[in-house]
Peer 1: 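Below is the structure I would like to discuss, written out as structure tokens.
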There are 2 protein chains.
Amino acid sequence: MNSKKGIPEKTIERLAMYRRLLSGLKEKGLEHLYSHQLAEFTRNTPAQIRRDLMMTGYVSNARKGYTIGDLVKKIDETLAGSQRQKIALVGIGNLGRAILSYFNNQHSALSIVASFDNDDTKVNRVIAGCRCYHIKDLEAKIKEEGIDLAIITVPGHHAQEVAEKLESAGITGILNFAPVPLKLPDSIYSDRIDITTAIEKVAYFASKIRKEL
Amino acid sequence: MNSKKGIPEKTIERLAMYRRLLSGLKEKGLEHLYSHQLAEFTRNTPAQIRRDLMMTGYVSNARKGYTIGDLVKKIDETLAGSQRQKIALVGIGNLGRAILSYFNNQHSALSIVASFDNDDTKVNRVIAGCRCYHIKDLEAKIKEEGIDLAIITVPGHHAQEVAEKLESAGITGILNFAPVPLKLPDSIYSDRIDITTAIEKVAYFASKIRKEL
DNA sequence: ATCACACTGTTAATTATTTCACATAGAATA
DNA sequence: TATTCTATGTGAAATAATTAACAGTGTGAT
Ligand SMILES: NC(=O)c1ccc[n+]([C@@H]2O[C@H](COP(=O)([O-])OP(=O)(O)OC[C@H]3O[C@@H](n4cnc5c(N)ncnc54)[C@H](O)[C@@H]3O)[C@@H](O)[C@H]2O)c1
Ligand SMILES: NC(=O)c1ccc[n+]([C@@H]2O[C@H](COP(=O)([O-])OP(=O)(O)OC[C@H]3O[C@@H](n4cnc5c(N)ncnc54)[C@H](O)[C@@H]3O)[C@@H](O)[C@H]2O)c1
């Protein structure tokens with residue numbers, strides 16, 4: 001019933017964030033809130049909030065604001081969060097392990113069900129309930145488990161090669177932490193988190209602020 | 001000589017990325033490249049590249065494309081990367097340690113010079129050449145070392161409190177990994193990396209692609 | 001020395017995102 | 001029941017970001 005054609009990327013990001021925040025508030029016993037309250041929590045404007053929530057098709061009952069439970073449910077639907085999706089993580093290094101142990105405690109609809117490495121000393125280790133397989137078994141395992149998504153945390157110069165393996169294994173979405181843009185067909189959605197760049201950006205704008213004062 | 005008023009955030013991010021990529025290419029012996037080559041490497045359009053590089057004020061010599069060395073230097077200037085900035089990292093957990101050991105091997109103008117935790121068992125440990133101090137010494141240490149920036153990797157419910165400590169210690173830029181938006185005055189630039197949200201976004205668009213095919 | 005070519009720098013057009021502003025709705029009050 | 005009042009949903013306006021288009025330029029070929 002939802003699904004116009006095309007919710008903006010930025011809105012999707014914010015919806016995911018609203019959902020997490022709202023779930024937290026619900027657990028604290030809060031039942032209703034207004035756009036300006038959510039705006040306060042998330043550090044943006046009430047207008048933005050309303051426009052974002054509009055995309056979910058949820059209709060509040062005006063005077064009392066949004067009913068948190070229903071809203072969360074509606075965001076779930078919108079984000080297709082109702083469907084379970086399985087994730088593979090490739091590269092059990094420092095970052096990979098951090099993400100693995102963090103993420104699998106958090107989530108419901110998404111979970112990391114297998115990890116891969118090319119280092120034999122890591123194969124068969126179990127971290128956060130998730131076993132590490134050798135990279136050579138990647139395709140078989142992904143097909144066997146019906147895994148849809150992947151997180152890449154291998155060194156930069158291996159990222160493209162790993163991405164291509166994931167592609168031929170049938171993965172449709174990749175989140176890449178390696179500092180290298182991936183060349184992939186449009187039939188795969190891929191996004192990158194570039195921590196170094198993010199720090200450099202903070203450095204730039206912080207130093208700009210310092211100069212202006 | 002550069003510094004119009006206000007290079008867009010997105011451009012700053014891309015410039016930082018171009019710089020890293022170009023530095024790599026230079027080390028491999030490449031001296032010149034065209035906007036369409038850099039576009040190929042970074043997975044975007046030549047027009048975008050040219051527009052971004054325009055902001056640095058660098059002028060290429062038409063027929064041969066950009067001289068990589070000079071271009072990197074110009075990006076350095078633009079990103080104020082010439083000035084050294086010191087960084088503090090708060091929260092030596094899984095993620096904090098991963099970032100610390102990664103980042104301090106990488107960079108020249110930016111480095112993490114101190115870390116902080118409230119867990120006594122972590123205090124005084126040295127990771128990647130960086131000593132961990134007790135959080136109660138945060139303000140003193142930051143002032144003593146002249147630290148400008150901070151990375152927050154503490155659990156969500158401590159992030160705001162830590163951010164406020166950083167604020168009163170005089171920090172002007174924060175990169176926050178906790179899944180909580182921070183309330184801070186405009187005199188501090190703060191950005192957030194939200195890994196969970198990023199995965200959810202990939203899940204959304206990947207499943208959208210699957211449906212459309 | 002001249003020409004032709006391929007790529008740049010930049011302005012203009014397009015597209016995406018955010019903000020504004022207001023008519024509408026529906027609880028609460030009397 | 002009628003009235004008031006605050007917050008919503010949404011078109012329209014404003015702003016930001018990307019893409020296209022093209023005149024200009026220096027290089028290498030002739
Ligand atoms: N650690 C960080 O905070 C951080 C920050 C920014 C970016 N990154 C990027 O994330 C990636 C991982 O960083 P890290 O610090 O965890 O590195 P790491 O060296 O600790 O881990 C890399 C892991 O990948 C495995 N690996 C290497 N080649 C492989 C292959 N072909 N197939 C499967 N596994 C392979 C290695 O065995 C190792 O376990 C790197 O690309 C790094 O640039 C990390
Ligand atoms: N690990 C990940 O991949 C990941 C992914 C997404 C988000 N995050 C976020 O990053 C943050 C850190 O994650 P983590 O997995 O490293 O957690 P962690 O529990 O391993 O580490 C947290 C560290 O912060 C310290 N700490 C707690 N309160 C503190 C305080 N008041 N002052 C100073 N130090 C304090 C703890 O002692 C611990 O060392 C969390 O907010 C988490 O939500 C982590």
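A, B, ... follow the sequence lines: proteins, then strands. Residue 1 opens every chain.
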Peer 1: Going by the salt bridge (Lys or Arg N to Asp or Glu O under 4.0 Å) test, which pairs reach into residues 36-58 of chain B, not counting sequence neighbours?
Peer 2: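 Listed by first then second residue: A:Lys183-B:Glu40, B:Arg14-B:Asp52, B:Glu40-B:Arg43.
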Peer 1: Taking protein heavy atoms under 4.0 Å as touching, what does nucleotides 10-19 of chain D look like 5' to 3' if B marks base contact, S marks sugar-phosphate-only contact and - marks none?
Peer 2: BBB----SBB
Peer 1: Are B:Gln85 and A:Arg210 close enough that a side-chain donor and a side-chain acceptor fall under 3.5 Å?
Peer 2: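 Present: a donor and an acceptor within the cut-off.
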Peer 1: Rounding to a whole Å, what distance do you find between B:Ile49:CD1 and C:dT10:C1'?
Peer 2: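 So the two atoms are 16 Å apart, to the nearest Å.
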Peer 1: Hey, does the side chain of B:Ser35 come within less than 4.0 Å of C:dC7's phosphate (OP1/OP2), counting only N and O?
Peer 2: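 No, outside the criterion.
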Peer 1: If the threshold is 4.0 Å, N to carboxylate O, is there a salt bridge linking A:Lys10 and A:Glu13?
Peer 2: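 Salt bridge absent between A:Lys10 and A:Glu13.
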Peer 1: Between A:Ser60 and D:dT8, is there a side-chain N or O to OP1/OP2 distance below 4.0 Å?
Peer 2: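 False: A:Ser60 side-chain N/O out of range (4.0 Å or more) of D:dT8 OP1/OP2.
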Peer 1: To the nearest Å, how far apart are B:Leu38 CG and C:dC7 P?
Peer 2: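 These atoms are roughly 14 Å apart.
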Peer 1: Rounded to whole angstroms, how far apart are NZ on B:Lys74 and P on C:dG9?
Peer 2: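 That distance rounds to 12 Å.
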Peer 1: Could you give the NZ-to-C1' distance, from A:Lys64 to C:dG26, as a whole number of Å?
Peer 2: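 These atoms are roughly 11 Å apart.
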Peer 1: Calculate the interatomic distance between A:His32 atom NE2 and D:dT8 atom C1'; express it in whole Å.
Peer 2: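 Rounded to whole Å, this separation is 15 Å.
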Peer 1: Please check if the number of heavy atoms outside B:Lys165 that lie under 6.0 Å from its NZ is greater than 12.
Peer 2: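 Buried by this count: over 12 neighbours within 6.0 Å.
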Peer 1: Take the protein atom CG of B:Leu33 and the nucleotide atom P of C:dA6, then report the distance between them rounded to whole Å.
Peer 2: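 So the two atoms are 19 Å apart, to the nearest Å.
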Peer 1: Taking distance alone, no hydrogens or angles, what donor-acceptor pairs closer than 3.5 Å link side-chain atoms of residues 147-157 of chain A to residues at least two apart or in another chain?
Peer 2:
residue  : atom : partner : partner atom : Å
A:Asp148 : OD2  : A:Lys86 : N            : 3.4
A:Thr153 : OG1  : A:Val90 : O            : 3.1
A:Thr153 : OG1  : A:Gly91 : O            : 2.6

Peer 1: Return the value, rounded to whole Å, for the distance between atom OH of B:Tyr34 and atom C1' of D:dG26.
Peer 2: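 The distance from OH of B:Tyr34 to C1' of D:dG26 comes to 12 Å, rounded to the nearest Å.
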Peer 1: Between the side chains of A:Glu200 and B:Arg20, is the shortest nitrogen-to-carboxylate-oxygen separation below 4.0 Å, so that they form an ion pair?
Peer 2: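 A salt bridge is absent here (no side-chain N lies under 4.0 Å from a carboxylate O).
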Peer 1: Ion pair present between B:Lys143 and B:Glu139, side-chain N to carboxylate O less than 4.0 angstrom?
Peer 2: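 Judged by the 4.0 Å cut-off on N to carboxylate O distance, B:Lys143 and B:Glu139 do form a salt bridge.
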Peer 1: Rounding to an integer number of Å, can you tell me how far A:His36 NE2 sits from D:dT8 P?
Peer 2: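 Rounded to whole Å, this separation is 7 Å.
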Peer 1: Return the nearest nucleotide to the side chain of A:Tyr66; candidates are D:dA7, D:dG9, C:dG9.
Peer 2: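 Of the options given, the side chain of A:Tyr66 lies nearest D:dG9.
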